[in-house]
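Naming convention: chains lettered A, B, ... in sequence-line order (proteins, then strands); numbering from 1 in each chain.
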Amino acid sequence: MKIMDYQKVKAIKILQEQEVGSKVKVNGWVRTKRESKNVVFIAINDGSIIYNLQIVADPAGFDENLIKDITTGACLSVQGEVVESAGGGQKVELQAEKIDLLGKADPDEYPLQPKRHSLEFLREISHLRPRTNTFSAVFRVRHAMSYAVHKFFHERGFFNVHTPIITASDAEGAGEMFRVTALDIDNPARTETGEVDYSMDFFERETNLTVSGQLEAELFALALTEVYTFGPTFRAENSNTSRHLAEFWMIEPEMAFYDLNDNMDLAEDFLKYIIRYVLEHCKEDIEFLNKRAIDEDKMKKMGERSDMTLLEHLNFVINNDFERITYTEAINILRNSKPNKKKKFQFIIEEWGADLQSEHERYLVEKHFRKPVILYDYPKEIKAFYMRQNEDGKTVRAMDILFPRLGEIVGGSQREERMDKLTQRMKECGISEEELWWFMDTRRFGTAPHSGFGLGFERFIQFVTGIGNIRDVIPFPRARGMAEF
RNA sequence: UCCUCAGUAGCUCAGCUGGUUAGAGCAUCUGACUGUUAAUCAGAGGGUCCUUGGUUCGAGUCCAAGCUGAGGAGCCA
């Protein structure tokens, strides 16, 4: 069978293995075409690698109209022989013997041009942006990170738990929720007093999209010892920033027999492991993104430029121990800091107990320590009810990991496993014990010290790729007024 | 949600204290040339100056409201 001579391969195989003489068939999308009397060069990309594969065609051997229709964005299937390149830009190229035009792209209408586009513009055409260098690189890195997350936990004996996406509890109070209902929204069932009657709804109670899988993960940690969740999370907050989404992916490990120090060790190892994995397996993409970030930086004003490149940042994180300090120590540093004394902070730190603002976190990370910082032992008043109380009666075993540019990337704690302390704290916070009876049962039966943390996957991707806006590291961003694609 | 800034060609942007026919680079098209690399050179086409209202003899430019986008804040991951 003659057709078998041409093995269907992806561009990455040709460019990496460079087997000159092999007969192959490659499918991909045209990035640019350069034409002359004697030779046509077509750069095609199939997303398998950041580099384009150069197709060389003798115009005499092909229909003139076919060559004409090969424009930026068109899809081609090309059969030919891998040959050494006579040009300087690449080692090998594909000498075309047969070209099939699978899909045209009218150059007057196709919005992507062989030039640099702004991320804001590309966001308006999210359905086409994966065909750009930047986005294909980001999403290959996203995949690698996703894979590395599972690999990291699997290698350590953790089990992945698929916690529910529809939940009935809003106990954690982690922000506004999206209601899930099958009621007729124009004419819902009502009680005698006129309120919406959720007992007539699909689940016979009020339900929402999950804001965290933590409570459910705790149940599994107290059975399988070390578990993690990695799934979508939904918050209906009206927050409009470059680091918030209404739908994002969160990684939440939960471990029995871990105290706060074990928890911090795990989080630090985890972050470093993922970054190392990306540096090792996405070399070309990171190099591309690094160059991109440098170019981007040059456009900025002098004072706003970064003093470290993306690659330097990544290496800096994996080569340094994170600074671990208590909330109390942080307050002392901030109180005596120059911006605080000179009243440069918008919020001046005066006394213990104040919640830290973004400007304070950035000062600690970017100016004072100049590396990732883990803050722990926060005042109980500014943290959630489930965090383990310290002996001082004032603080809880909470920890936040702060990264440059992003601020908080990880939030975690040792959980309160003592029934009496937990119920006392729930009363203070106005959390219903009855509703969380199943959660309380884990403290009632065979309770154990345990810890966990949550990590926003997209924020981590932002850090690793150097992309400034979180909407550009998720395929189809969901945010206030944004659900087009 | 609050504060600040922006919206002019397909894209990125210039357009001064209001003044006659609105500009550039890139992209597109046509031609030339070339083993080219986001090729190069020459030419052409391409505009509801975000919308509505107002001020004025005259508005891309000034004022008001709205819409859209970005940056920052809050909330957080």
Any side-chain N or O of [X] under 4.0 Å from OP1/OP2 of [N]?
| X | N | value |
| --- | --- | --- |
| A:S242 | B:G72 | yes |
| A:N38 | B:U36 | no |
| A:R243 | B:A73 | yes |
| A:S358 | B:G74 | yes |

Quiz item: Just one of A:Y228, A:F270, A:F159 clears the ring pair (Phe, Tyr, Trp, His ring centres under 6.0 Å) bar with A:H150, so which one?
Solution: A:Y228
Practice problem: Determine if A:F457 stacks with B:A77; use a centre-to-centre distance below 5.5 Å and an interplanar angle below 30° as the criteria. | Solution: no
Quiz item: Looking at B:U1, B:A73, B:G35, which one has an atom nearest to any side-chain atom of A:V56?
Solution: B:G35
Practice problem: Could you check whether A:F121 gets within reach of a base, just the sugar-phosphate, or nothing at all, counting any heavy atom under 4.0 Å? | Solution: sugar-phosphate
Quiz item: Partners of A:R34 by salt bridge (charged side-chain N to carboxylate O under 4.0 Å, His left out), sequence neighbours excluded?
Solution: none
Practice problem: Rounded off to whole Å, could you give me the CD-to-C1' distance for the A:E124 and B:U68 pair? | Solution: 9 Å
Quiz item: Within this structure, what is the NE2-to-C1' distance between A:H244 and B:A70, rounded to whole angstrom?
Solution: 17 Å
Exercise. Using only heavy-atom distances, determine whether the side chains of A:H143 and A:S146 contain a donor-acceptor pair under 3.5 Å.
Key: no
Exercise. State, without any angle test, whether A:H244 and A:E237 hold a side-chain donor-acceptor pair at a distance under 3.5 Å.
Key: no
Quiz item: Any side-chain heavy-atom pair from A:Y376 and A:N261 closer than 4.5 angstrom?
Solution: no
Quiz item: Is there a donor and acceptor pair, one atom on the side chain of A:Q113 and one on the base of B:G10, closer than 3.5 Å?
Solution: yes
Self-check item: Check: B:C11 base within 3.5 Å donor-acceptor of A:H117 side chain
Solution: no
Quiz prompt | Interatomic distance at P, B:G23 relative to B:C5, whole Å | solution = 30 Å
Exercise. Give me the residues of residues 406-413 of chain A where at least one heavy atom lies under 4.0 Å from an atom of RNA chain B, by number, or none.
Key: A:E408, A:I409, A:V410
Exercise. Determine, for nucleotides 37-47 of chain B in 5'-to-3' order, which nucleotides have protein heavy atoms under 4.0 Å from the base (write B), from only the sugar-phosphate (write S), or from neither (write -).
Key: BBS--------
